[in-house]
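These notes concern the structure reproduced below.
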Amino acid sequence: MRRPELTRRELIKQVAVWGSAMPPLRLGAHQSQSKTAAGRLRVTCVGGHPDDPESGCAGTLARYAESGHRLTIVYLTRGERGIGGKTNQEAAAIRTAECEEACEILGARAVYAGQIDGSADFTRARVDEMQKLLLVENPDVVFTHWPMDTHMDHQAASLCTLRACLALKTRPQLYLFEVNTGSQTFGFSPNIYVDITGTLEKKKAALFAHKSQNAEGIWKNHHEVIASWRGREAGVKAAEAFFRVNRDQPVELPGL
Ligand SMILES: [Zn+2]
């Protein structure tokens, strides 16, 4: 049976909306555009591995949670190949516990998409899985990786999410984050910055929950530098930078 999918006309219409003129750069954001009955936005972040959402946008996610919005972090994999000397199963158990601790700190609910670290893929079946997952979350705002990245799992997370969002009738606001720019993310061109000065310590704590990953070293060598660098670009102490995909909404992040 032919699977339901976007018609070519619908796809062109959506891409046209997403790809229109570049908005002015602005630091987000202090206005509420919530559409849930309770006035809370549903915010979902999809990362390739445990610690990617925390690296890319934990300061912003913490701001959402602190503002009372509902926050879900989707880990595409459980980091199965991320601990030397451990089996995939052992590493997954350790890193899942670390995810849970990080989500506790951020005020998020953790969801696991079931792909495997080191062999994540971008196929129609994987997009369908992501679409089903996102249909349940019904997000207003989605964060995921910028797709140009040296790690294929990050690319798979990004492309599966982008493709799944295209098919969502609710068409959530979509923001792409960087991870370890200069080492993994490349070609990143942000068009929106979020002041994370007030949540920097929470971001750090969430990252440090990933003890199996030398999180303190990674913080010092990468994320501390990036937070400060993006902060300088935005004129604040610390910031996170994003590429805002949707162009038909105000340039501020909704709900913060
Ligand atoms: Zn990663």
Side-chain angles (χ1 to χ4, degrees), residues 27-79 94-113 133-134 136-145 157 161 170 172-179 192-213 215-216 218-219 223-224 226-227 230-231 236-242 252-256:
L27 189 71
H30 299 285
Q31 68 182 49
S32 175
Q33 298 178 343
S34 62
K35 67 181 186 186
T36 62
R40 297 195 308 164
L41 291 173
R42 293 172 288 249
V43 178
T44 300
C45 176
V46 182
H49 309 108
D51 85 4
D52 285 329
E54 294 85 339
S55 304
C57 57
T60 303
L61 298 180
R63 278 190 60 181
Y64 269 111
E66 288 179 1
S67 298
H69 302 294
R70 195 191 70 175
L71 179 59
T72 302
I73 295 181
V74 178
Y75 297 97
L76 190 72
T77 75
R78 294 177 188 253
I94 292 166
R95 298 194 70 185
T96 299
E98 292 172 348
C99 291
E100 297 293 330
E101 188 182 334
C103 284
E104 177 81 27
I105 291 165
L106 293 174
R109 186 171 60 92
V111 170
Y112 304 92
L133 192 155
L134 291 178
V136 172
E137 295 302 319
N138 190 23
D140 303 292
V141 181
V142 172
F143 295 93
T144 192
H145 292 260
T161 307
T170 52
Q173 291 291 296
L174 188 53
Y175 300 91
L176 308 180
F177 59 74
E178 59 183 330
V179 286
I192 186 166
Y193 292 75
V194 176
D195 183 355
I196 62 161
T197 305
T199 51
L200 189 68
E201 287 305 312
K202 203 175 261 191
K203 170 171 181 155
K204 205 167 144 184
L207 268 168
F208 285 11
H210 296 277
K211 296 179 190 70
S212 68
Q213 302 302 300
E216 297 191 21
I218 290 172
W219 171 258
H223 302 302
E224 188 171 35
I226 290 175
R230 295 305 185 191
V236 296
K237 186 180 168 198
E240 285 170 343
F242 300 94
E252 294 88 359
L253 261 78
L256 286 186

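Predicted model, so just to flag it, every value in this text is computed and none were measured.
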Applying salt bridge (charged side-chain N to carboxylate O under 4.0 Å, His left out) as the test, list every pair that has at least one member in residues 100-112; sequence neighbours left out. E101-K211, R109-E137
Checking T144 against L176 for the side-chain contact (heavy atoms from CB on, under 4.5 Å) test, could you report, in this order, the C-alpha distance in whole Å, the side-chain angles of both residues, the deciding distance, and whether it holds? CA-CA 5 Å; T144 192; L176 308 180; 3.6 Å; yes
Shortest non-hydrogen contact from [X] toward [Y]:
X    : Y    : value
G79  : P50  : N-CD, 3.4 Å
C45  : P53  : SG-CB, 3.6 Å
T170 : P139 : OG1-O, 4.2 Å
Y75  : A110 : CE1-CB, 4.0 Å
S67  : G255 : CB-O, 4.1 Å

[Y] side chain reached by [X] side chain, heavy atoms, under 4.5 Å:
X    : Y    : value
C99  : H210 : yes
P254 : D140 : no
R70  : R42  : yes

Excluding sequence neighbours, so at least two apart, what forms side-chain hydrogen bond (donor to acceptor under 3.5 Å, both in side chains) with [X]?
X   : answer
Y64 : none
H49 : D52, D117, D153, H154
E98 : S212
T77 : none

Please list, chain by chain and in numerical order, all residues satisfying side-chain contact (heavy atoms from CB on, under 4.5 Å) with A238, sequence neighbours excluded. I196, T197, L200, A227
Test of understanding: with side-chain contact (heavy atoms from CB on, under 4.5 Å), list the residues that count as partners of K202, not counting sequence neighbours. A62, E66, I105, L106
Residues that R230 engages under salt bridge (charged side-chain N to carboxylate O under 4.0 Å, His left out), provided they are two or more places apart: E178, E233
Please name all residues satisfying salt bridge (charged side-chain N to carboxylate O under 4.0 Å, His left out) with E240, sequence neighbours left out, ordered by chain then number. K203
Any chance you could measure [X], atom [atom1], to [Y], atom [atom2], to the nearest 0.5 Å?
X    : Y    : atom1 : atom2 : value
T161 : L134 : OG1   : CG    : 6.5 Å
I73  : Y112 : CD1   : OH    : 9.5 Å
L253 : Y175 : CG    : OH    : 4.0 Å
S55  : L207 : OG    : CG    : 4.5 Å
D51  : H223 : CG    : NE2   : 6.5 Å

Is the backbone of G48 close enough, under 3.5 Å, to the side chain of H145 for a donor and an acceptor to pair up by distance? yes
Under the ring pair (Phe, Tyr, Trp, His ring centres under 6.0 Å) test, residues paired with F242 that sit two or more places apart: F143
Taking L61 as the fixed residue, which of L71, T44, T199 is the one that meets the side chain to side chain contact (heavy atoms under 4.5 Å, CB included) rule? L71
